[in-house]
Structures are given as C-alpha cells and as structure tokens.
Amino acid sequence: MLEKRYNPKEVEAGKYDTWKSRGYFTAGDKSKQAFSMVIPPPNVTGKLHLGHAWDTTIQDIIIRYKKAQGYDTCYLPGMDHAGIATQAKVMEKLYKSGIDVTKITREEFLKKAWEWKDEYAATIHDQWKMMGLTLDYTKERFTLDEGLNYAVRKVFVSLYEKGLIYQGERIINWDPVQKTALSNVEVIHKDDEGAMYYFRYPIVDSNEALIVATTRPETMFGDVCVVVNPEDERYKKYVGMKVINPANGDELPIIADEYVDLEFGTGAMKCTPAHDPNDFLIGEKYHLEKPIIFNKDATMNEKCGKYQGMDRFVCRQALLEDIKAAGNFVKIEKIVHPVGHSERSDAVVEPMLSKQWFVKMRPLAEQALANQKGKDKVEFVPERFEKTFIQWMEKAEDWCISRQLWWGHRIPAYYNKHTGEVLVSMDAPKDMENWEQESDVLDTWFSSQLWPFSTWGWPEKTPDLERYFPTDVLVTGYDIIFFWVSRMIFESLEQTGKRPFKQCVIHGLVRDELGRKMSKTLGNGVDPIAVIDEYGADALRYFLTTNSTPGQDMRYIEEKVQASSNYLNKIWNSARYVLSVLPEGFKPKKVNKAELSPLDQYIINRLEETIKNVTLNMEKYDFNAASNHLYNFVYDDFCSQYLEMSKVALNSDNPKTKEVTEQVLYECLKDIILLIYPYTPFIAEELYLNLPEHLESIMLERYPIYNKDIVDASVNEEILTLFELIKDVRNYKIENKLAPNAKLDLSLNLKIKVFDDFVTYLNRFTFSTVKLIGEEILSMKGDLKVYPKANLLIVNEAGKEDMIKRLDAEIEFEKAEIERANRMLSNPNFISKAPEAKVNLEKEKLAKHEQNLASLIEKRNKL
RNA sequence: GGACACUUAGUUCAGCGGGAGAACGCUUCCUUCACACGGAAGAGGUCGUAGGUUCGAUCCCUACAGUGUCCACCA
C-alpha cells in the first residue's frame, strides 16, 4: 500500500543500485537495434552544477525512452581531464597546503593530479547516481586513460604526416598567469575601459613629428617601424624617412602599406610584429625584426631597459610619465574596447610570438562543410544551430594545440639532442638517450574531439565501434558548439570517414531567478544535490526538462520545482486511489471496445490521443510539449473527470460495468506511469511495482503505442456536453451562494444518448432528483432556472427574470457568432481562396450556431 | 562591425495563418470517503511599435525600438 503522501526520499532510495546491479544499464543485446550516446565528459575540476543536471537529464530521458521502445541503448559515461582548469586547481590546492609549487617536479605534480582526479571522479559518480542516469559503467572512459592516449597519439601522428599538424612561430594568445599558450576559443573578449594614447614620434633630422596612437604603450619597446597608407597625402612625403621611438630612442623607418586605415586614429600606426597579429603579417611582408619584449609572466624583459622586470601595466604607467616628461605626450582618449581574457585565469591575454604546434584548419573545415551538404550531415536540433556551426567553420583559423602544462597528453614529438631533428612518432625512439620528448601537452579539446569514437576503442576495429559508432544523438549546450561539437565533427570525418553523431540536440543555459548566468563570482549558483535533497531527483528532472523551449535558456525558479513535485504528488495519489479500488486478485485484460460506456470510451480516446501527442513530441526532443500533453491528460481528463465520474460505475450493481471501469482505470494509470517514466524514473518505478501485475522493473517495460483501433470519436461530443452541464450547475450554485454539496431538483432536456451511470452520477454528487423528460420540459410552468448551453432547467427556484437575462445573453452570443461566420462566408475571396476544409468548417459552425439560436429563442418565447 | 535569439496575463514562460494558453501569484467558496503538495469557480492580455503580404496576421515579410548572447585583430 502506498503512503498517503509522495515522499521522494523514500521512493528514490536504493532504486539506482538495484537497477545497476541487475545490469539494466549494460548494453549489448544483439537481438535489438543499437542506439548510442556518449555523455559530454564533465571536467574533473569539481562538482556538477545545474547545467550538467539539465544536460544529462535530457540524455537520460532519450535513452530511457529509446530503451522502452525496444532499442539496445548504450549511454557511455566518462570524464575529461580538463588540462588548464584542473592543473590550476591542483596547483592552488598544493600552494594552499604549503607546498612550494615552483620547485615541484612534473612527476610529483602528476601524482597529485591523479589523486585529485580520483577524488572528484567519486563525487561525480555520486551525482550521476542521484540523478538516476542510465549509464553503462562497463564502458566508462577517462580522456587521459591509456586507450584514449593511444588514439590521441594516432591522430597526432596521422595529421602530422598529412601536413595537417605543423610546428611554427606565430602570434598566439599567451596566458601570463597559467604561463601557457591558448587557442582562440579559450580567449574571452570583454569590453574593458582603456585608453588610446597619442604620442609624438619625432622625425629624424626634422622639427616635425608623427603622432601615433596606441592602446598598449608598453609594447613600444617591440616597435620596428611606423606604417602609413601609401595613398595618405599627409604622410606620403615622410615615407622612407625615420622617426624616433619615444619609448627608447630607437630610430624606426616609416614605411607605406595599404593595411593602414586612413580614417582610424592618426593614420600612422606603430608596428610591433611580435605582439600583434596584424603587425606580425606586416613584419613578415617586409622581413622585419620581431623582438619579443615580455617575459612569460608578462613582465618586461631585458629589451626594455630600465623597465625590465616591471609588470606590463606598471610599465605602461611609468612609461607614460616618462614620455610626458620628455615632451612627447599628446593626449589620452578614454575608450571602451574589447580586450582578450583567459577563459580560465581571467588574465589579460598577451598576443605573443611563440613557437607552438598548430592544426591546419582549412582542409579539415572544408571537409566538414562539404559533409554538411550531403545526406550524412549532422542534423542539428533546433536547426538554427547548424548556422552557428557553419559560420564558425567557414572562418576557422589554425588551431594552436600545444600547452605549456603538465596535465594532459604529452605531444608525441622528440627532438634529437645532437642534430635538433624533430621526430613525430607513436612511440619513443629506441635510442631515447639521444632524444628529448616535447615537454608540452595537448589542448584538452584535442582529446575531447575524439570522444565519440575513441571511447569505443578506435583506432582498433572493436565490436563496440562497429555497433555503436556513429552515435545516434549528442546532447550539449550551445556554448560549446565551437569548443567541442565542431571539432568532433571535423575530426571524426577526418579520422573515421563518418560523422560522430547523427543528431546534435542543443539546449540553452540555466540562469538564476533574475536571468543572470550562474557564476562563482556572483555566488548565485544552485547545487543540484541540495535541490534533490529537498524535492527529489524526479522533481528536479521534471522541472529541468519541461520548462523551456528547445535551444532556449531557462531560469531556475524554485517554485517551479515545487510545482513539479506537486504534480508528481498528484500522480502518486491518483495511483494510490486506483490501486485501492482494484479488487483483490485483479487481472489486467485488454480493454474491449464493445463493452465500453461512452464515458469509458471518451477517456480511452483521450488516452490514445495523449500517447500519440507525447510520442510525436518525444521524437522531436520537445520535452516541454510532450510533458504538457500528459499533464493535461492527468489533471483534466483523468483526475478531474474520469476518476470522479467512474466512482458511480464502481458502485454499480452490474458486475460487468464495474469490471470494465476497473480495467479502464488500470489502463490509464499504467500508461500514465509509462509515459512519465523517462522523465521521473524513480516515482514511476515505485508506482509500477505496486501495480497488480508487473515485470521485475519498469526498465523492462515497453513504451505505450498509439492504438487507433480502440478509438471511437463519436462519443466525444455528448461527453463534452455533460462536462458543460456540470460546469453550469457549479456556476449556478456559486452564483446563488449555495453550498457545493447542496441538493437541487433538476430536470433535463438532453438530446444525447443518456446512459445510466450519468444520471446516477448527477444524483450522487449534484442533485437530489433528476428527471429526464425530453422536449416537454419547455412547456413546464413555474419558476425556472435555465442554463441554456447545456439545456439544463432547474425547477423550484425563484428568478424568472434572471433566467431571461441569461437566455438573452446566450442569444446575443449566438448572434455574434452567426454574424462572424456569415461575414467570412459572404466574402467571395474567402470562399474562393481559403482551403475547402476551412470553408466547410465555417459552414458547419454557422449551421450549429443557427440551430442553437433557434432553440434559445424558442425557450425564450415560452417563458 | 557581423550573426542569432527574445519582446504574449502581476511574474516566469508555452503557443499559433482561421475565436489568446500553462504554472506560480491573486479573488471567492469548500477540510465531500485519491490528493489541502487538494478541489470548484473566477479576475487578469488592443500578443513591443509602424508598415507590408494575405480572403484573414499575435503568428509570415520589412523597418524601428528595447533586451540578451555569440562571433570579430582595426593600431
């Protein structure tokens, strides 16, 4: 027997372990069609947040739904080593525990990092468990494990041999806090307040000077020339002459190049090839020096004279003062301009010339773009995100993949200690004593991009790879399309010749109640575990997946979690009731259409319609729409209507009536449980196991299938008329300040196939006497109350005037409807251009309203 | 500078080429034997503004305004 109140803690306890230990999560039933998905591997940097909860719940719903449809589902778990992020966290922890992190060796650090990883992996496992994820733990992977490292090396070597990986000196984004290079997508551009500084660059052997503007005066130590546009009348005459760098007194040539915009600044641009990507190109073009002026921590280096050792921003200020003192300062303009910050450390990124490893993007991007035009393209859901992907691909620049870190896949390149030769190879050279391995590791995303295939054992042709790759769906947030989705696509095409997943379902971000992004600095993050603790995982899951449109952001609003919980309680109690009325020894039977009362038939119609609509929307991954259909069925049709009205039939003297009702109640309840199950597996399992007949677990059940043969829509209209009538009676009581349970004498004039249950129902819940007297009612004398819509007459009540008012109001309503329909139908354009079905519909409406009007007028006249 | 979203009830959000919906909140009533985490009834919206397409626009198109996000090397 179920508890009176739904208690998520009790319901959820132990279920996950039972499922897991029975092997329900383990894939491999070859008799079924495979359906696979990989989890986006969470970083081992900390606990999972609400965004993860949302992401994985969507995945789990899809998996449970597909499994219930008879697929051999495989949902592969795993985690990401998250290079920079994890290294930073581990370093911080070591630092706080008093360890001198500047003295630690690579090996010592890695040992600590693995300990860290184990600790956080355990936390993440706990959270997956609490969320109820159907993960196949027999296939769990970690991006740094041996097999994946093999795949990484394989890919690196293969790309290198094809010329798609190269080592080169280029301008990269330097994070001076982490002291590593970053890729472009790891740089966040923020609008910062800054200044445009204007300085005089005196022309050598002249009294004149060029005014040059810069936002980063400290880079002046790396200036090699001043550039003007060759068309610029102001400066033409100076080209070929020299100016003096006011920072250090160096003489710099004035050169001409079209790159310079005449309109911008003063039209004269300083050129710092080692610290600006555009200046670098000019430096290449004119074979200029490319002096680097920063140390790795972005302090000034030995090329900066007395400023050596100063922080770059301190130097900026000091230099400004010195230039002012020398009389070469012109002005400062405050500006707001985009400044690059490191995604992880938030430090201002310094563009810096550096020797790094790069992936050549154009060939890979072209391949991905071409595939997207074919039939094996990745289908984005919602579709618009394909555009995001394509646009990024179209302008993707070479990808800097080397990182000056320890935590990651070490680049499989070896330098000969004697000759300097570079060897890129899967394995270390035999004469390793003569070689030194590249100390850099790879960008985290280099291994994550292989995730959809490396996890199945690639490059080996394993049975799993054959069976589960390409995966069916990938679910992730739109914020990592650039980081991850696009890279998986081009790399999978390059390495396997196949797309990594057939569909890519994109969701938004969880925001706080005020619509702000959840962040550590704001302290507005919500811990999913705390929510589960209070409302249960089911309520959280239901809230997360039913409160937004696909691809749209969502706000976390606690009241809505509460509302979800209330809904589950509603289902719980309706189940409790149904189970309580099913007799001892109840045996479920297939519902026999011929035996159904109109009311039974109506609820079955609605049930089937609900199954159809829910399934339709599940297929589109529109969980909000799907759940709404079920919600409406549960509340309006099942609980408010059928459950109440069926009480009459359950008390019937006719055992057949009783039995059929029991079967219908059971059928509805079971399907509700099965339909809600992917969303809220714990409560669904609990209720399922309380059904009089059930399998070992709901996880072995089949998803309901729409059965059109059991539907008979012909009863709908009269049932809806009954509902209308009931509503009228309730309104009557409220308006007349009668108690809800007040008994009334009632006579009816229903032009419907009245069935016994209905009259009994009315007697029991609404009226003291009900007489069915047909058309003669219209000639009844005495005081009447009329609710014309439902053809209801209530006798022995004062208020003829009131009745007349009501009738008149109804008459007005019908007249307005008739006029509306007539207006449309008398429009020749509507008749000729609107679809025929639409026109017919209007004609039917018109006829119906005309009939209603006639009947109302008749009643009115007889009063 | 590009791109993409969003603007609908007090609030958070669905929806849709043919009579505006939900949740929460609010008002009134009800502890009747599934559920007060409940039930019944109700109030509340010229669907951002202006044009256009259409027989018909909240929905499609254009412009504008506001909000948000992403991309972008202008010194």
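The sequence lines fix the lettering, A, B, ..., with proteins before strands; numbering per chain opens at 1.
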Checklist entry - The side chain of A:E559 lies closest to which of these nucleotides: B:A34, B:C24, B:C35? => result B:C24
Next on the checklist: I want to check one thing: is the phosphate of B:U11, taken as OP1 and OP2, less than 4.0 Å away from some side-chain N or O of A:K560?
Outcome noted: no
Item to check | A:E383 atom CD, over 12 foreign heavy atoms within 6.0 Å | outcome: no
Checklist entry - Using purine N1 to pyrimidine N3 plus N6-O4 or O6-N4 for Watson-Crick, or N1-O2 and O6-N3 for G-U wobble, both under 3.5 Å, which nucleotide pairs with B:C37? => result none
Checklist entry - Atom OH of A:Y577 and atom C1' of B:A36: how far apart are they, to the nearest Å? => result 19 Å
Item to check | Residue-phosphate contact under 4.0 Å: A:T266 side-chain N/O, B:A75 OP1/OP2 | outcome: no
Next on the checklist: Looking at A:E819 and A:R823, is there a salt bridge between them, counting it only when a charged N and a carboxylate O are closer than 4.0 Å?
Outcome noted: yes
Checklist outcome for this item: Whole-Å distance, A:L514 CG to B:G68 C1', equals 15 Å
Checklist outcome for this item: Taking B:C37, B:A34, B:U69 as options, the one with an atom nearest any side-chain atom of A:N566 is B:C37
Checklist outcome for this item: Checking B:G18, B:C71, B:C35 against the side chain of A:K395 (C-beta onward), the nearest is B:C71
Checklist outcome for this item: Between A:S580 and A:R384, whichever has its closest RNA chain B nucleotide further toward 5' is A:R384
Checklist entry - Looking at B:A14, B:C73, B:C55, which one has an atom nearest to any side-chain atom of A:N829? => result B:C55
Next on the checklist: Without decimals, in angstroms, what is the distance between A:Y631 OH and B:A22 C1'?
Outcome noted: 8 Å
Item to check | Candidates B:C35, B:C24, B:G18 - which lies nearest the side chain of A:N573 | outcome: B:C35
Next on the checklist: Which label fits A:Y542 and A:Y567: parallel for a plane angle under 30°, tilted from 30 to 60°, or perpendicular past 60°?
Outcome noted: tilted
Item to check | Whole-Å distance separating the CG atom of A:N613 from the P atom of B:C16 | outcome: 13 Å
Item to check | Residue A:S574, side-chain heavy atoms: nucleotide from B:C13, B:A34, B:G18 that is nearest | outcome: B:A34
Checklist entry - Does B:C16 have a Watson-Crick or wobble partner in any strand here, with both distances under 3.5 angstrom, and which is it? => result none
Next on the checklist: As a test of reading the structure: which of B:G39, B:G18, B:C4 is closest to the side chain of A:K570, going by heavy atoms?
Outcome noted: B:G39
Checklist entry - Can you tell me how far P of B:A5 sits from CG of A:L509, to the nearest Å? => result 17 Å
Checklist entry - Which of parallel (below 30°), tilted (30 to 60°) and perpendicular (above 60°) describes A:F638 and A:Y642? => result parallel
Checklist entry - Any chance the rings of A:Y197 and A:F329 have centres within less than 6.0 Å? => result no
Checklist entry - Rounded to whole angstrom units, what separation is found between the CE atom of A:M352 and the P atom of B:C73? => result 18 Å
Checklist entry - In terms of side-chain heavy atoms of A:M196, which of B:A5, B:A34, B:A75 is nearest? => result B:A75
Checklist entry - Can you tell me the Watson-Crick or wobble partner of B:C26, both distances under 3.5 angstrom? => result B:G42
Checklist entry - OG/A:S486 to CD1/A:I390 distance, rounded to the nearest 0.5 angstrom? => result 12.0 Å
Next on the checklist: On the nucleotide B:A14, are OP1 or OP2 found under 4.0 Å from the side-chain N or O atoms that A:T549 carries?
Outcome noted: yes
Next on the checklist: Under 3.5 Å for both donor-acceptor distances, Watson-Crick or wobble: does B:C4 have a partner, and if so which one?
Outcome noted: B:G68
Next on the checklist: Can you measure A:I390 atom CD1 to B:C71 atom C1' for me and round it to whole angstrom units?
Outcome noted: 15 Å
Checklist entry - When you check the gap from the basic side-chain N to the acidic O, do A:R234 and A:D232 get nearer than 4.0 Å? => result yes
Checklist entry - According to the interplanar angle, ranging from 0 to 90°, do the rings of A:Y478 and A:F385 count as parallel (below 30°), tilted (30 to 60°) or perpendicular (above 60°)? => result parallel
Checklist entry - Which of these nucleotides, B:C35, B:C13, B:C71, is closest to any side-chain atom of A:R555? => result B:C13
Mind listing the N/O atom pairs, protein and nucleotides 44-47 of chain B, below 3.5 Å?
none

Item to check | Pairing nucleotide - B:C60, Watson-Crick or G-U, each distance under 3.5 Å | outcome: B:G52
Checklist entry - Under 4.0 Å between a side-chain N or O of A:N569 and OP1 or OP2 of B:G38? => result no
